[in-house]
Amino acid sequence: MSVTEQPAPAPGREPGGDAAADRLRDRISADSLTSRRDYLRIVATVSGGLAIGGVGVAAGILHRHGDSETLPEAKKVADVMAPGESVAFRFPGDEDRALAVRLTDGSLVGYSAVCTHLACAVLWREDRGPDGELYCPCHEGVFDARTGEVTAGPPPRPLPRIFLTEQADGSVWAIATARSGEQAKDALCRQFGDSRPEAAQRLGCPAAARATESRRT
């Protein structure tokens with residue numbers, strides 16, 4: 001019989017090594033099962049961590065921008081900002097991502113760059129409407145660039161605001177923060193009250209007014 005006429009080995013069997021082949025197949029199957037179990041365990045752990053983190057952000061358990069009761073140290077954002085320009089920076093702390101935008105009409109706006117949904121990074125897209133838009137690519141969250149309000153997607157709250165000021169030399173500084181949805185006057189009164197009493201008085205903050213009245217009496 002020629003070589004080409006030799007019968008093929010039985011399916012699933014290796015000639016001259018049936019027992020060894022069986023052991024090898026058993027080991028590969030066991031390794032594959034272990035790998036699948038490890039993979040599923042990793043996926044479950046990561047998914048659980050994301051879920052817990054999301055619940056923490058939504059419930060306010062984790063750190064949020066603007067939670068400080070005291071006036072943060074002012075921070076220089078840029079030497080100058082032209083219309084249509086954005087700058088990423090950190091404020092009030094080194095771990096707090098923030099974003100400053102000079103809108104096309106010259107207005108300066110600043111916000112936390114941490115999405116209020118699951119804390120992904122927020123970016124400014126200049127080409128989306130006259131003011132552009134603030135966009136979170138993780139879950140398609142969209143915020144109004146002028147107000148920080150949610151306009152689309154799953155974010156449950158507007159972006160915390162950062163108050164910016166422009167000096168005579170054109171430099172832009174971050175000076176205070178506001179919690180998500182907090183009115184500007186309330187936020188400034190909360191932080192200026194003890195640190196900048198004269199500014200709090202000019203704003204008409206209730207605590208400053210009471211202090212002035214008590215001094216008079």
query = Is a side-chain donor or acceptor of Tyr111 paired with a backbone partner of Thr147 at a separation under 3.5 angstrom?
reply = yes
request  = Going by the side chain to side chain contact (heavy atoms under 4.5 Å, CB included) test, name the single residue among Leu164, Leu108, Thr165, Leu99 that passes it with Val77.
outcome  = Leu164
query = What's the shortest heavy-atom distance between Lys76 and Ser171, and which atoms?
reply = CE-CB, 3.9 Å
task = Measure the distance from the SG of Cys138 to the SG of Cys115 and say whether it is below 2.5 Å.
result = no
message = Quick check on Glu85: does its CD atom have over 12 non-hydrogen neighbours (other residues, nucleotides or ligands) under 6.0 Å away?
response = yes
inquiry  = I'd like to check the side chain to side chain contact (heavy atoms under 4.5 Å, CB included) partners of Ala199; sequence neighbours left out, ordered by chain and number.
reply    = Phe192, Arg196, Arg202
request  = I would like to know whether Ile162 and Phe89 meet side chain to side chain contact (heavy atoms under 4.5 Å, CB included); could you show each step before the answer?
outcome  = CA-CA 11 Å; Ile162 294 174; Phe89 63 104; 4.3 Å; yes
request  = Using a strict 4.0 Å threshold on nitrogen-to-oxygen distance, state whether Arg157 and Glu149 make a salt bridge.
outcome  = no
inquiry  = Is there a salt bridge (charged side-chain N to carboxylate O under 4.0 Å, His left out) between Arg90 and Asp96? Walk through the geometry before answering.
reply    = CA-CA 5 Å; Arg90 303 275 177 156; Asp96 296 312; over 6 Å; no
query = Taking the six-membered ring of Tyr135, is NZ or CZ of Arg125 closer than 6.0 Å to its centre and within 45° of its axis?
reply = yes
inquiry  = Measuring from atom SG of Cys205 to atom CD of Gln191, what distance do you get when rounded to the nearest 0.5 angstrom?
reply    = 10.5 Å
Minimum heavy-atom distance between Val114 and Ala119, given as atom pair plus value = CG1-CA, 3.5 Å
Residues Thr151, Glu133; criterion side chain to side chain contact (heavy atoms under 4.5 Å, CB included); working and verdict = CA-CA 9 Å; Thr151 59; Glu133 69 179 16; 5.5 Å; no
task = Quick one: closest heavy-atom pair of Ala184 and Arg161, and the distance?
result = CB-NH1, 4.0 Å
query = What distance do Arg190 atom CZ and Lys185 atom NZ have between them, rounded to the nearest 0.5 Å?
reply = 15.0 Å
request  = Step by step, work out the side chain to side chain contact (heavy atoms under 4.5 Å, CB included) result for Val109 and Leu103.
outcome  = CA-CA 8 Å; Val109 293; Leu103 301 178; 4.3 Å; yes
inquiry  = Between Thr116 and Pro160, is there a side-chain heavy-atom distance shorter than 4.5 Å?
reply    = yes
query = Looking at CD of Glu126 and CZ of Arg128, how far apart are the two atoms once the value is rounded to the nearest 0.5 Å?
reply = 12.0 Å
ask   = When rounded to the nearest 0.5 angstrom, what distance separates CG in Leu203 from CD in Glu198?
value = 10.0 Å
message = Taking Phe163's backbone N and O only, do any of them form a donor-acceptor pair with Thr177's side chain (distance below 3.5 Å, no angle check)?
response = no
ask   = With the 4.5 Å side-chain cut-off for hydrophobic clustering, are Phe91 and Val87 part of the same group?
value = yes
key: Reported CZ-to-OG distance for the pair Arg146 and Ser107, which is rounded to 0.5 angstrom   = 4.5 Å
inquiry  = Quick check on Gln167: does its CD atom have over 12 non-hydrogen neighbours (other residues, nucleotides or ligands) under 6.0 Å away?
reply    = yes
note = Shortest non-hydrogen pair, Pro155 vs His117, comes out as CA-CB, 3.9 Å
task = State whether the number of non-hydrogen atoms from other residues, nucleotides or ligands found under 6.0 Å of Asp127 atom CG is greater than 12.
result = yes
query = Looking at side-chain heavy atoms only, is the closest gap between Val122 and Leu159 below 4.5 Å?
reply = yes
query = Considering all heavy atoms of both residues, which atom of Gly132 and which atom of Ala145 are nearest to each other, and what is their separation?
reply = O-CB, 3.9 Å
remark   = Closest heavy-atom pair, Ala100 versus Met81, reported as atoms and distance to 0.1 Å, is O-CE, 3.7 Å
